[in-house]
There are 2 protein chains.
Amino acid sequence: MAEKKPKEAAEGRRERKRRQTRDRIQQAAMTLFLERGFEETTVEDIAEAADVSKRSFFDYFPSKEDVVFAWQDTFAQHLMNAIATRPSDEAAVSAVRHALIETVVIAADQRALAIGDLVNRTPALKARDQLKYAKLEQKLAEALEARSRSQEERRRMRMLAAVVIGMLRVGAERWKEEPKGASFEAFARSLFADLWTMLGELGEEARASTD
Amino acid sequence: MAEKKPKEAAEGRRERKRRQTRDRIQQAAMTLFLERGFEETTVEDIAEAADVSKRSFFDYFPSKEDVVFAWQDTFAQHLMNAIATRPSDEAAVSAVRHALIETVVIAADQRALAIGDLVNRTPALKARDQLKYAKLEQKLAEALEARSRSQEERRRMRMLAAVVIGMLRVGAERWKEEPKGASFEAFARSLFADLWTMLGELGEEARASTD
DNA sequence: GAAAAACCTTGCACTTAATGCAATATTGCA
DNA sequence: TGCAATATTGCATTAAGTGCAAGGTTTTTC
C-alpha cells in the first residue's frame, strides 16, 4: 500500500528496490519536464518512461508537482547542517552568512539552475516554489533560535531569517541578469556584502526617522 | 467569447451585467468556501449557487483558486496608492511605514481575516498566497525605486522591499498569537518598531563581523 | 427599425490529475 | 514450504479545465 511504514527497518531488498524505483520515476520525470515542459508532460508519459503503471506513480509521489520539489528538499537539509556545525559562539549574522554561501555553492549545479528555470516559466510551480522559501525561512529561524540564549535574541532571529531569505529571493532574480560565466560564489559573497551594508544604512535611517 | 476586449468601451448594459454576474459568482464562491472549505466546494456547486452554468464559471475566472485571489488584489493597489501620495522628500523607511500601516488598517476587516484563515488551512491556496507576497514585494520595490534618485539608492530599495514584505509575513503569523480583541493598528505599529530596532542591531552586528 | 456584427451563455464531448478499491504478484520470514 | 506483509496494477470514479459549435442578447450600422 506504499506508505512509509517505520517498522524498525533494517534496509532489505524491498527498501532498496523501492528507492530505486522512486529514483527512476524522478529521473524520468525531470528529464521529460526539462525536455518538453511541465504542463506538456502527462503523468502517463512519466509512468511509461519509468516503466511503472500510472497508478504506481501516485504511490511514490502524491502529485506531479511533488516530483519537482522533492528534489529540492535537500537544500534545506544542507543549510540546517551547515548552521549546526558553525561554532556556537560565532555571531549569528556571521554564521548564517558562512552557512548559506557554503550551501548555495554546493547546490547550484547545472541541473539545479535548469530546474530553477523550469519552475520560473511554469506558473503552477512558481507558486509552490515560493512556499518553499517560506518553509526554508521557518527552518532557518528555528536553527538560529536554537543557538540563541535570550528570549530577546530569539525574536530577532525570526527577523534575521526573514531578511536573509528575502535576500535569497532577490539574489535568485539578480543572478539571471548576471553575465553567463560569472562565479556563483563571488556573486553570493557580493550579495551578502550588499545586504549587510544596507541593513546598517537602513537601521541608521530608521533610527533617524523619529515619529 | 468572454474576453476582456478593450474596445473604447462606454460601459453599456452588457458591461454592467457582466460585472454583476462576476460579483455574484465571487460572492457565492467565497460564501461556500468559508462555510464548508475550499476543497469541499466544487465548481459545480458554485455555478449552481450563482445560477450560471459550470462552463460560464470558467468564462469569468480561469480557475477555482483565482476567485479567492482576485479578491485580494485590491490590497496591492491600495499600497501603491498610499506610497505614491507620500511627500516625495520623505525618507523611504518612513514613507513605507506610514503607507503600509494605513493600508493594513483599511484592509484588515472581519471578512479579510476569515479569508486569511481559509487560505492558511488549505495547502493549495497557501502556495499561491506566498506568490502574492512575491508580487507585492515586486510592486513595492518598483514604487520605492520610482522615488529614488541614485542608482545606489534604487538597489537599496529592492532590499528594503524584501525586508518589509518579510516583516509582513512574520506579522501575519504573529497576529494569530495575539489576544483576540487586540487593536490591529497598535499591533502594526509595534511590528514596525521591532523591525527598525532589529535592523539597527543587525546592522551593528554585521559591521562588527569583519571577515 | 431591421439586418448584421459582436458578444454572451450554455451544453456536450474530451483530456488529465487524483483517489478508492479489489485483484494479483512479490518479498521477507518462521 | 507456506503464511503474512507489502508492492503493483487495472478499473472505476470524481472533479478541474478546455475546445467547439449552437442558440440567444445586445449593440451597431445603414
Side-chain angles (χ1 to χ4, degrees), chain A residues 1-25 28-29 32-33 36-70 122-125 127-128, chain B residues 1-25 28-29 32-33 36-70 122-125 127-128:
Chain A
M1 239 71 76
E3 277 301 307
K4 285 179 251 167
K5 264 280 177 62
K7 220 275 176 81
E8 300 299 329
E11 168 73 11
R13 190 204 318 269
R14 226 173 196 139
E15 271 86 356
R16 191 167 49 253
K17 245 188 146 179
R18 199 169 163 77
R19 212 190 336 274
Q20 278 170 6
T21 305
R22 198 187 143 94
D23 281 1
R24 215 170 57 245
I25 293 175
L32 288 174
F33 289 163
R36 23 169 150 150
F38 181 79
E39 313 271 14
E40 290 74 19
T41 307
T42 74
V43 172
E44 211 156 357
D45 293 338
I46 299 168
E48 190 77 13
D51 199 35
V52 292
S53 73
K54 177 187 153 190
R55 193 61 188 77
S56 286
F57 172 92
F58 288 107
D59 227 37
Y60 283 91
F61 296 93
S63 80
K64 214 171 109 181
E65 291 184 7
D66 280 279
V67 183
V68 179
F69 294 100
T122 313
L125 296 181
R128 260 201 82 161
Chain B
M1 235 73 73
E3 277 301 306
K4 286 180 249 167
K5 264 279 178 62
K7 220 273 175 80
E8 300 299 330
E11 169 72 11
R13 190 201 319 269
R14 227 176 195 133
E15 269 86 355
R16 190 165 51 254
K17 248 187 145 179
R18 200 169 163 78
R19 213 191 335 276
Q20 278 170 6
T21 305
R22 198 187 143 93
D23 280 2
R24 216 170 58 245
I25 293 176
L32 287 174
F33 290 162
R36 24 169 150 150
F38 181 79
E39 314 271 14
E40 290 74 19
T41 307
T42 74
V43 172
E44 211 156 359
D45 293 339
I46 300 167
E48 190 78 12
D51 200 36
V52 291
S53 73
K54 178 188 151 192
R55 194 61 189 77
S56 286
F57 172 92
F58 288 107
D59 226 36
Y60 283 90
F61 296 93
S63 82
K64 216 171 107 181
E65 291 184 7
D66 281 280
V67 183
V68 180
F69 293 101
T122 312
L125 295 181
R128 259 200 83 158

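Just so we're on the same page: letters track the sequence lines, and every chain starts at 1.
- Nucleic acid contact class of Ser56(A) (heavy atoms, under 4.0 Å, all strands): base.
- Between the base of dG17(D) and the side chain of Arg55(B) there is no donor-acceptor pair shorter than 3.5 Å.
- Atom CZ of Phe57(B) is separated from atom C1' of dA15(D) by 12 Å (rounded to the nearest Å).
- At least one side-chain nitrogen or oxygen of Tyr60(B) sits closer than 4.0 Å to the OP1 or OP2 atom of dT9(C).
- Glu65(B) places its CD atom 11 Å from the P atom of dA16(D), with the value rounded to the nearest Å.
- In this structure, NZ of Lys54(B) is placed 11 Å from P of dT18(D), rounded to the nearest angstrom.
- Listed here is the closest heavy atom pair of Arg24(A) and Asp51(A): NH2-O, 4.1 Å.
- Rounding to whole angstrom units, CG of residue Asp59(B) and P of dA16(D) are separated by 17 Å.
- Considering only side-chain atoms of Thr42(B), the nucleotide from dT9(C), dG10(D), dA16(D) that sits closest is dA16(D).
- We find that CD1 of Ile46(B) is positioned 12 Å from P of dA15(D), with the value rounded to whole Å.
- Atom NZ of Lys64(B) and atom C1' of dA18(C) are 13 Å apart (whole Å).
- A search for side-chain contact (heavy atoms from CB on, under 4.5 Å) contacts involving Arg22(B) returns Gln26(B), Tyr60(B), Phe61(B), Ala70(B), not counting sequence neighbours.
- Arg18(A) places its CZ atom 16 Å from the P atom of dT26(C), with the value rounded to the nearest Å.
- The neighbour count for Glu65(A) CD, taken as heavy atoms of other residues, nucleotides or ligands under 6.0 Å away, is above 12.
- Remark: Asp45(A) engages Arg36(A), Thr42(A) in a side chain to side chain donor-acceptor pair (under 3.5 Å) (not counting sequence neighbours).
- In this structure, Phe58(B) atom CZ and dC14(C) atom P are separated by 19 Å, rounded to whole Å.
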